[in-house]
There are 4 protein chains.
Amino acid sequence: MSAVDRRKQILRAAARSFALFGYKATTMDQVAKIANVGKGTIYTFFSNKEDLFDEILYKVILEMKMLAESRIDRNSTFFENLFSVLDALLEFRDEHELFIKLSQEVRDVGTLKAKEGLATLERVILDYLEREIAMALERKEICSCDPQVAAFVMFKLYIALASDFKYVREPLSQVEIHHYIRMFLADGLANPNARPVNIPN
Amino acid sequence: MSAVDRRKQILRAAARSFALFGYKATTMDQVAKIANVGKGTIYTFFSNKEDLFDEILYKVILEMKMLAESRIDRNSTFFENLFSVLDALLEFRDEHELFIKLSQEVRDVGTLKAKEGLATLERVILDYLEREIAMALERKEICSCDPQVAAFVMFKLYIALASDFKYVREPLSQVEIHHYIRMFLADGLANPNARPVNIPN
Amino acid sequence: MSAVDRRKQILRAAARSFALFGYKATTMDQVAKIANVGKGTIYTFFSNKEDLFDEILYKVILEMKMLAESRIDRNSTFFENLFSVLDALLEFRDEHELFIKLSQEVRDVGTLKAKEGLATLERVILDYLEREIAMALERKEICSCDPQVAAFVMFKLYIALASDFKYVREPLSQVEIHHYIRMFLADGLANPNARPVNIPN
Amino acid sequence: MSAVDRRKQILRAAARSFALFGYKATTMDQVAKIANVGKGTIYTFFSNKEDLFDEILYKVILEMKMLAESRIDRNSTFFENLFSVLDALLEFRDEHELFIKLSQEVRDVGTLKAKEGLATLERVILDYLEREIAMALERKEICSCDPQVAAFVMFKLYIALASDFKYVREPLSQVEIHHYIRMFLADGLANPNARPVNIPN
DNA sequence: GATGAATGAGGTTTCATTCAT
DNA sequence: TATGAATGAAACCTCATTCAT
């Protein structure tokens with residue numbers, strides 16, 4: 001196997017383990033076993049556990065950024081863009097979701113550097129959302145609110161439905177997630193005009 | 001200092017540390033230092049780390065149960081009751097918030113017993129919410145949706161606003177939280193009739 | 001209760017626990033509980049665990065010395081004296097046995113001082129036996145052998161029958177012990193003249 | 001050094017320390033230091049202290065069983081067989097002696113499993129001896145006695161001479177041990193026909 | 001003087017990291 | 001270069017000893 005393949009395999013294994021068990025509970029032995037490489041091999045590519053973590057973080061940030069930018073169309077409405085990006089995210093859900101969990105476990109990551117890394121990603125996402133929301137406000141597409149709070153709620157709502165939910169009930173399909181985000185974010189629960197959720201299955 | 005005070009001090013310190021750093025990352029040395037007691041002292045009150053954790057968990061479950069039951073009025077509407085309980089929870093925010101974080105870190109808690117404890121609490125809350133939502137649906141107070149999803153979203157929305165938010169921005173006041181939950185849950189962002197948030201300060 | 005009574009109670013409790021569980025496995029909490037006094041009380045009489053141990057040791061040494069001396073009659077034969085002392089020891093078996101165990105656990109006693117204490121007692125007993133055996137040899141009462149080895153075997157044989165045996169089978173009565181010591185020590189297993197053991201029960 | 005060598009070194013060090021200081025008083029630090037390995041290295045071969053102890057126990061049980069079976073000859077007399085096994089045991093004295101001590105410290109071993117392990121070994125040895133003694137009784141090779149008591153005394157006598165003795169005096173040679181066991185067990189101290197001990201040295 | 005809650009040194013065990021092969 | 005055995009810092013927990021009541 002090539003060195004590049006090995007590296008990717010380690011990254012994939014680590015991402016999977018970090019997501020499943022968190023930063024502290026992920027042991028290098030576990031990563032090595034999942035990646036099917038020797039433990040020492042990890043250290044030929046990454047100088048330590050934190051570095052490995054950071055690289056995964058950085059990759060996800062980059063992917064998300066590119067993905068979002070490729071979907072935004074300045075001629076579309078806020079909600080059209082939001083749902084377009086949302087659908088793109090959901091297509092790679094398995095991959096990103098692995099990460100999404102980590103943002104909730106910031107507190108477990110011992111080192112300052114890793115903490116900052118996670119904060120960075122969250123900040124990148126929130127900043128982007130805030131700008132979009134601010135623009136939507138100016139165009140009166142959404143009702144008056146603090147863009148910071150709105151962005152944060154969107155972010156958490158997405159994570160809750162796309163990832164957290166399956167830990168307590170059967171996981172939601174892409175269509176269901178899409179629908180519920182529209183229901184809670186756009187229309188409101190008390191809105192009598194809200195369309196009922198149509199679950200295809 | 002009296003024994004009861006010491007016990008409380010340890011509980012407070014542990015709750016604080018569990019909430020800040022998670023279960024695994026909380027060391028008994030740390031708890032001892034925060035509580036300003038010797039490490040051994042903790043073990044005179046709690047037989048081990050898990051016991052300490054369980055006691056905090058149990059106390060929170062009890063408090064929340066009592067609090068919710070005291071606020072529900074069967075003659076009031078769903079949203080009236082929801083906001084009444086919400087306000088009660090927010091009054092003790094500092095105390096409960098400590099716990100709320102833990103529910104996000106279930107996966108990091110090593111022992112089965114602790115895991116089950118956390119799952120229990122979340123399940124208690126969700127079950128309660130689902131029943132209330134199902135009743136509201138029958139009375140047509142809210143629009144058609146899966147009560148399980150709606151309950152889950154409410155739960156996560158509360159945690160996001162009351163607790164998570166302050167890790168990225170200035171914390172929200174009780175009034176703001178109240179208002180945003182109404183906005184996202186009841187009225188919807190796209191609703192032109194939604195009242196703007198009035199921050200007293 | 002008087003201070004002297006308290007002191008005795010602690011000594012008795014400690015002797016019991018040392019004998020049952022050994023030096024290391026005996027905790028001061030345990031001694032306090034058995035003695036029905038506060039843990040701190042022990043430290044008003046004994047400066048530390050080792051001191052408590054030493055005192056018990058010293059007391060037993062004294063008792064045994066006095067007991068042996070009171071039974072020895074220079075006009076009697078070696079075996080008559082041996083069995084006389086033996087019977088005296090067996091009368092206080094419960095009390096002494098508590099100690100006897102300790103001589104086997106010398107290796108568990110962490111501190112040099114305690115180790116030396118135990119060695120002292122064993123040495124006192126062995127020296128006494130050696131002198132008696134040497135005298136018996138001169139009088140041709142017993143067959144040619146190294147008094148050091150003979151003394152040691154006598155000592156161990158006594159402990160084995162009077163104390164160790166009950167950990168694997170039903171404990172032996174005083175009469176049985178007496179008889180078996182005679183059989184193994186004086187007559188020999190292969191001796192056809194040896195009288196069979198008459199167990200009264 | 002090879003892994004197998006390291007493993008053996010740890011076993012040897014642990015056996016030595018268990019024998020010298022007992023189970024509780026043997027620290028993993030001590031074993032590591034004696035074995036000249038890092039503390040963690042022990043845990044690459046044995047999952048915990050008890051496992052390390054059990055392995056030593058099991059090995060000794062096996063060795064003793066095989067050794068005894070290889071020496072027993074049904075056409076020989078009881079004492080011939082006894083001394084044959086005895087000599088075989090004495091050849092590996094250093095190795096077995098390490099264990100023998102442990103049988104005296106059963107009471108200090110905290111865990112049930114270890115306790116049972118030690119009891120098992122003692123029981124195996126005693127059962128074997130009892131059967132042999134019962135057969136000897138039927139053939140009138142030895143005088144009337146309880147086989148349980150006789151077996152126990154033989155066991156303790158062997159331990160006393162082969163192991164315990166050197167803690168109070170110069171250790172006995174193989175020939176001396178052989179001779180004294182014959183003297184005390186077969187002939188009796190008071191037997192005028194007993195041959196004097198011939199120490200070759 | 002008696003007490004037992006409080007303490008921290010020292011025990012077992014885990015795991016990120018190193019390094020000889 | 002890839003490996004995994006070896007390592008020791010740091011975690012949890014016990015218990016002899018102290019000291020405020």
Side-chain angles (χ1 to χ4, degrees), chain A residues 1-3 6 10 24-33 36-52 110-111, chain B residues 1-7 10 24-32 35-52 110, chain C residues 1-3 6 10 24-33 36-52 110-111, chain D residues 1-7 10 24-32 35-52 110:
Chain A
M1 193 195 302
S2 80
R6 243 175 243 278
I10 292 167
K24 270 229 159 180
T26 288
T27 68
M28 297 303 258
D29 266 304
Q30 216 171 40
V31 173
K33 195 167 287 176
N36 204 33
V37 300
K39 191 165 35 168
T41 307
I42 301 174
Y43 287 87
T44 66
F45 293 113
F46 308 93
S47 60
N48 54 36
K49 191 181 177 181
E50 194 179 337
D51 255 35
L52 177 58
T111 64
Chain B
M1 191 196 307
S2 84
V4 173
D5 286 345
R6 230 172 255 276
R7 201 175 191 281
I10 291 167
K24 270 221 160 180
T26 289
T27 69
M28 298 303 259
D29 267 305
Q30 211 172 46
V31 173
N36 203 31
V37 300
K39 191 169 27 171
T41 307
I42 302 174
Y43 289 90
T44 63
F45 293 112
F46 308 93
S47 60
N48 54 36
K49 191 181 176 182
E50 193 178 338
D51 253 37
L52 177 58
Chain C
M1 192 196 304
S2 81
R6 243 176 244 276
I10 292 167
K24 270 228 158 178
T26 289
T27 68
M28 297 303 258
D29 266 304
Q30 213 170 43
V31 173
K33 194 166 287 176
N36 204 32
V37 299
K39 190 163 40 166
T41 308
I42 301 174
Y43 287 88
T44 65
F45 294 113
F46 308 92
S47 60
N48 54 34
K49 191 179 177 182
E50 194 178 336
D51 254 35
L52 177 58
T111 64
Chain D
M1 191 196 306
S2 83
V4 172
D5 286 346
R6 230 171 255 276
R7 198 175 193 283
I10 291 167
K24 269 221 161 181
T26 289
T27 69
M28 296 305 256
D29 266 307
Q30 212 170 44
V31 173
N36 202 33
V37 299
K39 193 168 24 171
T41 307
I42 301 173
Y43 288 89
T44 64
F45 294 112
F46 308 93
S47 59
N48 52 37
K49 191 179 177 183
E50 193 179 338
D51 252 37
L52 178 59

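Chain naming here is simple, since letters A, B, ... match the order of the sequence lines and numbering starts at 1 in each.
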| Minimal non-hydrogen separation, K49(D) against T26(D), with atom names | NZ-O, 2.8 Å

| request: Round to a whole Å and report the spacing from CD1 of I42(C) to P of dA16(F). | output: 10 Å

| message | Judged by each residue's nearest nucleotide on DNA chain F, which is more toward the 5′ side, F45(D) or T26(B)? | response | F45(D)

| note | Between CG of D29(B) and P of dG8(E) the distance, given in whole Å, is 10 Å

| Identity of whatever pairs with dT14(F) - Watson-Crick or G-U, under 3.5 angstrom | dA9(E)

| Atom CD1 of I10(A) to atom C1' of dT1(F): distance rounded to whole Å? | 13 Å

| task | Could you pull out the closest heavy-atom pair between M28(D) and N48(D), with the gap in Å? | result | CE-C, 4.4 Å

| note | For I10(C) and I42(C) the tightest heavy-atom approach is CD1-CA, 4.0 Å

| Length of the NZ-C1' vector between K33(C) and dA5(E), whole Å | 14 Å

| remark: Looking only at dT17(F), dT3(E), dA2(F), the nucleotide nearest the N48(C) side chain is dT17(F)

| request: Nearest-nucleotide wise, let me know which of T41(B) and M28(D) is further upstream toward the 5' end of DNA chain E. | output: T41(B)

| task | Rounded to the nearest angstrom, tell me the gap between atom CG in N36(C) and atom P in dG4(E). | result | 10 Å

| request: Report the residue (G40(D) or G40(C)) whose heavy-atom-nearest nucleotide on DNA chain F is the more 5′ of the two. | output: G40(D)

| Under 4.0 Å between a side-chain N or O of R6(B) and OP1 or OP2 of dA5(E)? | no

| request: Would you kindly give the CZ-to-C1' distance between F46(C) and dA2(E), to the nearest whole Å? | output: 15 Å

| Side chain of Y43(A): nearest nucleotide among dC12(F), dT18(F), dT18(E)? | dT18(E)

| remark: So CG of D51(A) and CZ of F46(A): to nearest 0.5 Å the spacing works out to 8.5 Å

| query | What does dT21(E) pair with, Watson-Crick or G-U, if both distances are under 3.5 Å? | reply | dA2(F)

| note | Applying the 3.5 Å cut-off to both distances, the Watson-Crick or G-U partner of dA9(F) turns out to be dT14(E)

| T44(A) side-chain N/O to dT1(F) phosphate OP1/OP2 under 4.0 Å | no

| request: Could you tell me the separation between the OG1 atom of T27(A) and the NZ atom of K39(A), rounded to the nearest 0.5 Å? | output: 8.0 Å

| said: Let's test your reading of the model: under 3.5 Å, does the base of dT17(F) pair with the side chain of K39(C) as donor and acceptor? | reply: yes

| Rounded interatomic separation in angstrom, taking NZ from K49(B) and C1' from dA10(F) | 12 Å

| task | Report the distance from atom CG of L52(A) to atom C1' of dA16(E), rounded to the nearest whole Å. | result | 12 Å

